[in-house]
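Okay, so here's the structure we're looking at.
Because the structure is predicted, anything quoted here is derived from the model rather than measured. In what follows, chains carry the letters A, B, and so on, assigned in the order in which the sequence lines appear, proteins first and then strands, with residues in each chain numbered from 1.
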Amino acid sequence: MKIATWNVNSVKARLPVVLDWFRKHAPDIACLQEIKCIDEEFPRLEFEDLGYHVETHGQKTYNGVAILSKRPFEEVRRGLPGDDGDEQARYIEAVVAGDDAPVRVAGIYLPNGNPAPGPKYDYKLSWMARLKRHAADLLAHEEVLVIAGDYNVIPREADVHDPAAWADDALFRPESRAAFRAIKWLGFADAFEQVDGRAHQYSFWDYQGGAWPKDRGIRIDHLLCSPQAADRLTGVTIHRDARGAEKASDHVPVVGEFRV
DNA sequence: ATGGTCGCGTAGCGA
């Protein structure tokens, strides 16, 4: 089973590019971030035509997440628990039947947090604290669980082209990396680090300043795997080539393959 | 091509 995450940076602006990629790579489950539209405006029919079930947690203009699956959803949750006043659509979670076990997938769009310090950074860290609490609850189920998405965190120096240039950025500051580690150390494996782990394998290149042609990227799109998922993980592919497409997103898909 | 980000929404913010 292929489980993908992709920050598409507007599903409507990206639709031809995204549909081409789905036709070519046919993920079984895909989490999309920054769909930038309300549920009613999501191009649902186009994905249903490709054989997908579609669930969205949309928002006007900003944020918004979706989860797509070839198999029907058995359970869907919208919104990250822990703050009923949080209006930002950044979390969706669903369960799909695997061949021999249920598969729970959460799609996340973790707050960027810049500028740091400041209220946006405080929101990022509090969101991560909420994610940690919820992730701990989910781990207790002992399921095949993948938390997939745009974490907006660069875990290691090896995951950024120029660590010094990013030292004060909300994506690389010590508090952000510590919060990411605290979630991971609840008992998750980073899929990429488990099966590959090479330095300088990026998932995002800024539109500005020729970041893509100069390969000035960062790795911020991750698949965190429960032990039951990690045991079944056979490979991870970062679809770097997608960044070179006409009208590309600034992020590329990351796909994990699981025996389930 | 003497420029050099993109999307949303139609100014300026967010990333």
Side-chain angles (χ1 to χ4, degrees), chain A residues 5-21 31-44 46-47 56-66 80 86-92 107-128 131 148-155 159-163 165-173 175-177 179-180 202-222 238-254:
Chain A
T5 178
W6 194 3
N7 181 323
V8 295
N9 185 16
S10 171
V11 71
K12 288 192 281 186
R14 209 69 56 210
L15 191 58
V17 164
V18 173
L19 292 175
D20 280 350
W21 186 86
C31 301
L32 304 182
Q33 299 89 38
E34 281 204 271
I35 62 172
K36 294 189 174 178
C37 63
I38 58 175
D39 295 336
E40 294 74 17
E41 290 175 353
F42 189 90
R44 154 183 301 276
E46 288 84 344
F47 288 97
T56 58
H57 184 37
Q59 182 179 335
K60 182 177 157 63
T61 310
Y62 303 114
N63 310 317
V65 289
L80 180 64
D86 186 357
E87 304 285 335
Q88 301 190 23
R90 297 178 174 275
Y91 186 92
I92 191 164
I108 72 165
Y109 176 44
L110 203 147
N112 176 295
N114 279 306
K120 292 188 176 179
Y121 194 55
D122 295 341
Y123 175 65
K124 176 180 195 150
L125 295 178
S126 68
W127 203 94
M128 294 183 83
L131 179 61
D150 176 0
Y151 280 75
N152 268 318
V153 176
I154 302 164
D159 299 316
V160 51
H161 65 94
D162 181 359
W166 287 78
D168 298 325
D169 193 281
L171 280 61
F172 196 53
R173 286 172 66 97
E175 304 93 327
S176 303
R177 295 163 67 191
F180 180 80
Y202 308 133
S203 66
F204 168 92
W205 296 258
D206 202 288
Y207 288 124
Q208 302 182 64
W212 166 242
K214 295 172 185 165
D215 198 25
R216 294 184 181 169
I218 54 179
R219 189 173 69 89
I220 56 175
D221 298 273
H222 309 301
I238 301 177
H239 284 240
R240 177 186 170 89
D241 291 355
R243 188 63 179 81
E246 198 73 26
K247 290 274 288 178
S249 172
D250 41 7
H251 296 249
V252 298
V254 179

Quiz item: Distance between the P atoms of B:dG7 and B:dA1, in whole angstroms?
Solution: 24 Å
Self-check item: Nearest-0.5 Å distance, NZ of residue A:K124 to CG of residue A:L110
Solution: 6.0 Å
Exercise. Rounded to whole angstrom, note down the P distance from B:dA15 over to B:dG9.
Key: 15 Å
Quiz item: Who pairs with A:R216 by side-chain hydrogen bond (donor to acceptor under 3.5 Å, both in side chains), at least two apart in sequence or on another chain?
Solution: none
Quiz item: Taking for each residue the nucleotide of DNA chain B with the nearest heavy atom, is it A:G209 or A:N63 whose nucleotide lies nearer the 5' end?
Solution: A:G209
Quiz item: Hey, can you pull the residues of residues 110-122 of chain A with a non-hydrogen atom under 4.0 angstrom from DNA chain B?
Solution: A:N112, A:K120
Self-check item: Residue pair A:V17, A:S249: steps toward the side-chain contact (heavy atoms from CB on, under 4.5 Å) verdict
Solution: CA-CA 9 Å; A:V17 164; A:S249 172; over 6 Å; no
Quiz item: Say you pick atom P in B:dT10 and the same atom in B:dG14; how far apart are they, in whole Å?
Solution: 15 Å
Practice problem: Please say whether the positively charged group of A:R240, taken as NZ for Lys or CZ for Arg, lies over the ring of A:Y202, i.e. under 6.0 angstrom from the six-membered ring centre and within 45 degrees of the axis. | Solution: no
Quiz item: Base, sugar-phosphate alone, or nothing: which one does A:F204 contact when heavy atoms must sit under 4.0 Å apart?
Solution: nothing
Practice problem: For A:R90, report the nucleic acid contact type (base, sugar-phosphate, nothing); a contact means any heavy atom under 4.0 Å. | Solution: sugar-phosphate
Self-check item: Range on DNA chain B touched by chain A - first to last nucleotide, heavy-atom distance under 4.0 Å
Solution: B:dT5 to B:dA15
Quiz item: CG/A:N152 to CG/A:L171 distance, rounded to the nearest 0.5 angstrom?
Solution: 4.5 Å
Quiz item: Got a second to check how far A:F204's CZ is from A:I238's CD1, nearest 0.5 Å?
Solution: 14.5 Å
Quiz prompt | Whole-Å C1' distance, B:dC6 and B:dT2 | solution = 23 Å
Quiz item: Touch check for A:K214, heavy atoms < 4.0 angstrom, all strands: base, sugar-phosphate only, or nothing?
Solution: nothing
Quiz item: On DNA chain B, nearest-nucleotide positions of A:K247 versus A:Q88: which is more 5'?
Solution: A:K247
Practice problem: List for me each residue that meets side-chain contact (heavy atoms from CB on, under 4.5 Å) alongside A:D39, sequence neighbours excluded, and say none if there are none. | Solution: A:T56
Quiz item: Residues two or more places apart in sequence or in another chain: which of them pass salt bridge (charged side-chain N to carboxylate O under 4.0 Å, His left out) with A:R219?
Solution: A:D159, A:D190, A:E193
Quiz item: What residues form a salt bridge (charged side-chain N to carboxylate O under 4.0 Å, His left out) with A:D122, not counting sequence neighbours?
Solution: none
